[in-house]
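All ligand and atom numbering here is 1-based and tracks the order in the structure. Counting begins at 1 with the first residue of the sequence.
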Amino acid sequence: MFYLLNILIQMKILLDNSSLYKSLRPFNDLGFVPTMGGIHKGHLSLINKSNRLCKITIVSIFINPKQFNNKKDLKSYPRNINKDLKILKKTKKVDFVYLPRFKDIYENKNKSKIKLNKKDIILCAKYRKGHFEGVLDVMERLTKIVRPKKIFMGEKDFQQLYLVKKRLEKKYKAKIIPCKTVRDKNNIALSSRNFHLNKLNFEVAANIYKQLVNIKKNIKKKKNILNFLNHKKRELINNYKIKIDYLELRNKKNLKTSKKMNNSRLFIAYYLNNVRLIDNI
Ligand code: AMP
């Protein structure tokens, strides 16, 4: 009880939409950091940026079942709300935490009409059917409920950032603010799913990051980039005994396949210990 009270003093927890509407009414310079919990330093960097650019910062924690294309992944997704609240409170930079119930988000039963354009069914959209439709739907619902001025999102999930920006900025006043990927000391991109990795997995992930840097460095010298990347992909699969969904160089403005380094990023999705990891550099 004392613990909960202590949290309430500095950081208000909103457990449903009516308390959210009441509490947020006086504010219009709202920075919003949507998360699925398992709070780590990547999330905290978004919160820091919101705190710098906006008067009020609101963080949501909602594990959106509709964006999981794999039931096992949803079931095993890290959940520890008390730990998350403790970390958020310690930052002293979060004014509100929104912990909606399923019905708060989906009370408007309008069926989502979201359909990705054919040209957007690439990278993760190609391998995770329905995932981004679920992400776009929940982001649109959250935006309508929270009415933020700015939404802070990580470049680690580059395709998500790209698709959300494209859809939301057309329809709402909110501006999407991209935030750099935060990495651990071995340059592994922080992710809530890293919680499921063992020591050996972390070693492999660190090596894969090094390989990505190397591949990117060498791409410049290659005439046929597609062949080179296919060759490197096979090499990674054989050397580390991993499954790779994609290893692709794409233009960072429109995500089209790219044949040159300028304005491009190297994207990878691979599995370690049945955990699907993504990165882009
Ligand atoms: P999640 O809780 O994984 O849905 O992530 C919530 C937000 O944090 C998304 O905008 C992510 O892109 C962002 N995020 C997750 N990991 C990182 C990271 N390592 N660096 C920067 N942003 C991140």
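Summary of contacts: the protein heavy atom closest to atom 10 (O) of ligand 1 is Gly154 N, 3.0 Å. Nearest protein heavy-atom neighbour of atom 20 (N) of ligand 1: Val182 N, 2.8 Å.
Taking 4.0 Å as the cut-off, Tyr77 counts as a neighbour of ligand 1 on heavy-atom distance. Under the 4.0 angstrom criterion for non-hydrogen atoms, His40 is in contact with ligand 1. Using a non-hydrogen distance threshold of 4.0 Å, Lys180 registers as a contact of ligand 1. Residue contact annotation: Pro34 has a non-hydrogen atom under 4.0 Å from ligand 1.
Using the six-membered ring where Trp is involved, Phe158 and Phe267 have ring planes that are perpendicular, over 60° apart on the 30 and 60° scheme.
Here is the list of ligand 1 atoms found below 4.0 Å of a heavy atom in Thr35: 2 (O), 6 (C). Counting atoms of ligand 1 from 1 in the listed order, those under 4.0 Å from a heavy atom of Lys156 are 16 (N). Counting the atoms of ligand 1 from 1 in the order shown, those under 4.0 Å from a heavy atom of Leu190 are 16 (N), 17 (C), 18 (C), 19 (N).
For the 3.5 Å distance criterion, the side chains of Lys93 and Asn48 qualify, holding a donor opposite an acceptor. Side-chain atoms of Lys233 and Asn230 form no donor-acceptor pair, as typed in the model, at a separation below 3.5 Å.
Side-chain atoms of Asn239 and Asn207, non-hydrogen and from C-beta on, never get closer than 4.5 Å to each other. Annotation: side chain of Ile145 is in contact with side chain of Tyr98 (closest heavy-atom distance under 4.5 Å).
For ligand 1, none of its N or O atoms has an N or O atom of Ala189 under 3.5 Å away. No N or O atom of Phe152 sits closer than 3.5 Å to an N or O atom of ligand 1. An N or O contact shorter than 3.5 Å links His43 to ligand 1 by distance. The shortest N or O to N or O distance between Asp157 and ligand 1 is below 3.5 Å. Between Met36 and ligand 1, at least one N/O pair is under 3.5 Å apart.
Applying the 6.0 Å contact sphere to CZ of Arg147 captures no more than 12 heavy atoms from other residues, nucleotides or ligands.
Contact annotation for Leu161 and ligand 1: no heavy atom of the residue comes within less than 4.0 Å of the ligand.
A donor-acceptor pair under 3.5 Å links the side-chain atoms of Asp104 to the main chain of Asn17, judged by distance alone.
Closest heavy-atom contact between Arg141 and Ile105: NH1-O, 3.2 Å.
A salt bridge links Arg193 to Asp73: one of the charged nitrogens lies within less than 4.0 Å of a carboxylate oxygen.
Side-chain rings of Phe68 and Tyr77 approach one another, their centers coming within less than 6.0 Å.
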